[in-house]
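What follows is a single structure, and I will ask about it in a moment.
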Number of protein chains: 2
Amino acid sequence: MTVTHDVGSFADDRATPDGLLQTADRALQVLLHFDGLRTEWGVTEVAEEFGFNKSIAQRLLATLAHRGFLIADPDTRRYRIGPSAMTLGHAWERSGSLRAIVDPILRELSARTDATAILALPDNLHMRAVAAVDGSSGPLRVYPLVGELYPAHAGATSKAFYAYLPAQQRQLLFAGRPIARFTDRTVTDASALEAEFLRIRQQGYASTVGEYDSHVAVVAVLVSVRGEPYGSLSLGGPEESFVNPEQHVPLLRHAAQQIERRLTGRPRTRKD
Amino acid sequence: MTVTHDVGSFADDRATPDGLLQTADRALQVLLHFDGLRTEWGVTEVAEEFGFNKSIAQRLLATLAHRGFLIADPDTRRYRIGPSAMTLGHAWERSGSLRAIVDPILRELSARTDATAILALPDNLHMRAVAAVDGSSGPLRVYPLVGELYPAHAGATSKAFYAYLPAQQRQLLFAGRPIARFTDRTVTDASALEAEFLRIRQQGYASTVGEYDSHVAVVAVLVSVRGEPYGSLSLGGPEESFVNPEQHVPLLRHAAQQIERRLTGRPRTRKD
DNA sequence: GAAATCGTTGCTAATTATGCCACAGTCGCG
DNA sequence: CGCGACTGTGGCATAATTAGCAACGATTTC
């Protein structure tokens, strides 16, 4: 398997493309950084992180707060995520877009490989299965998977994603925290983990056996959106029957690209 | 009870206040309109609705799509809510801000009135209880309330909110759809409903008995954020023991204002 | 097949955002 | 308790971005 993945292409594109509105784009960019890794930002911090002038950072944050996307702590004057985020979250759930987009792709994937296909997105310091289709045959039926959380360090589903996070952020994740063991195959050594992440980036996929659930083999690839790591797509099955998982990597890659394209959902232009 | 509520002040402030960034504000404003009432927008529609030029609308939408807040249907070129909305929703849930802000207020409300206090927010065409504190005494204990949905037309919790929606949006809600009956006290006549909404606006609160759940009396007021209807705050209890619910309206109003202030969370300025 | 509608894109004027500066609170320290 | 450092806020001239126009291409409707 050759290295088709563009290792290290994940500089989070901060430049605003032509034809788009810079100020709006910057606001949205800042907003997206109120995630699990960083929940609070001050004016100066935002200015430094994004290279804005302080006054710009302050006005961006104030504008986001004005529409309820952030709230400013009256005491510390630091900003946290605001109630409009909930509004959007509900709107997204209601829309059912994710299932509509992803389910058919998962279904095909599962049908062609006879394995369980899962799309997982990062959630706090874990990966959360947001859509899944059971492998159709075999004795082992997988229980309700949607909503399930996986630890960041065990299993291909998580590794395929976290391998592509900037090393700095990964350190924030794993530093200090003890690394939990789930099976005798769980990797609990920090430097061994880091070496694995490197290998995953090099080969473009992650493959594990029984790291989280015993006797379950999983192969997974990164799903990126607009050049940034977004989630992971995986195929899993019982160790005995799900033979040579790596053979499905091309299929997984193709499906991941499909998802990426449909999640991006930019209108077709002449250049496409 | 006098009319203290500023009826009709809910023109959704589209002007961007001084010191804020107009372009960013417009983008956020547009984004917030991808809610339950309207899930799809085209470029021209946005331009007309907000009074923008077509090209501005197109660039706003493209920018929102670029960061994943919207996705454009490749075929129809209409925009729908995008995956970044989910990201934000998760961030909000994780932050636990809502509970932290609201729970103490609900607790005090419940303790002082011996009733069940609920904060409900609109969700799709319903109201969803997002935080609640049980009335502490009495034989009737209310079950897990958080997450529960109430229909838009029955019960004070819903009415206190929907009364303040622009009539036009309310019509979108109720037009065509049959109005479901839950108890013999449910109001199912559209014009009777509209008359009630008017009265609620005039008196500044909603009060119902057994419209949704039999033998449950509820009194509720609007919670607005930055001059826009945001949700409702209600007190409810068994019809027999929860006497003269209207007496608690001042308390409810005060609590609603507290919530509003803390949800807005703008830093104090000299003028405050 | 024609007309109307919708979304996209270059271009220039003009509004808007930018960055600098100065000020005002706050926190920590001596 | 007062001093210094830092963070956030606001005014203002400049410079850059956006707004609006208008024309085009692509779709859809009649």
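As a basis for the values below, the full set of heavy atoms in this structure was taken, side chains included, without hydrogen atoms, waters or symmetry mates. Quantities reported herein were computed from a predicted structural model and do not represent experimental measurements. Reminder, nothing fancy here: chain letters follow the sequence lines and each chain counts from 1.
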Would you tabulate the nitrogen or oxygen pairs shorter than 3.5 Å linking the protein to nucleotides 3-7 of chain D?
none

| query | Tell me: CG of A:Leu70 to P of D:dG8, nearest whole Å? | reply | 13 Å
| Min side-chain heavy-atom separation A:Met127-A:Phe161 under 4.5 Å | yes
| request: Could you state the atom-to-atom distance from CD of B:Glu45 to P of C:dT5 in whole Å? | output: 14 Å
| note | CD (A:Gln58) and NZ (A:Lys54) are apart, to the nearest 0.5 Å, by 10.0 Å
Contact list (N/O, under 3.5 angstrom) for nucleotides 16-18 of chain C vs protein:
| residue | atom | partner | partner atom | Å |
| --- | --- | --- | --- | --- |
| C:dT16 | OP1 | B:Gln22 | NE2 | 3.2 |
| C:dA17 | OP1 | B:Gln22 | N | 2.6 |
| C:dA17 | OP1 | B:Thr23 | N | 3.1 |
| C:dT18 | OP1 | A:Arg26 | NH1 | 2.9 |

| For the side chain of B:Tyr164 and the backbone of B:Tyr230, is there at least one donor-acceptor N/O pair under 3.5 Å apart? | no
| query | What's the CH2-C1' distance between B:Trp41 and C:dC6, to the nearest Å? | reply | 16 Å
| request: For the pair A:Ser110 (side chain) and A:Leu106 (backbone), establish whether a donor and an acceptor sit closer than 3.5 Å, ignoring hydrogens and angles. | output: no
| field | B:Arg78 CZ to D:dT27 P, straight-line distance once rounded to whole Å | value | 17 Å
| said: Measuring only between side-chain heavy atoms, which start at C-beta, is A:Leu251 closer than 4.5 Å to A:Arg112? | reply: yes
| message | Please check: side-chain N/O of B:Arg201 versus main-chain N/O of B:Ala163, any donor-acceptor pairing under 3.5 Å? | response | yes
| said: For A:Phe69, run the side-chain contact (heavy atoms from CB on, under 4.5 Å) check against A:Thr87, A:Ile81, A:Leu88 and tell me which one passes. | reply: A:Leu88
| message | I'd like to know if the side chain of B:Ser232 pairs up with that of B:Ser234 as donor and acceptor (distance under 3.5 Å, no hydrogens or angles considered). | response | no
| Separation of D:dA16 P from A:Phe52 CZ (nearest whole Å) | 17 Å
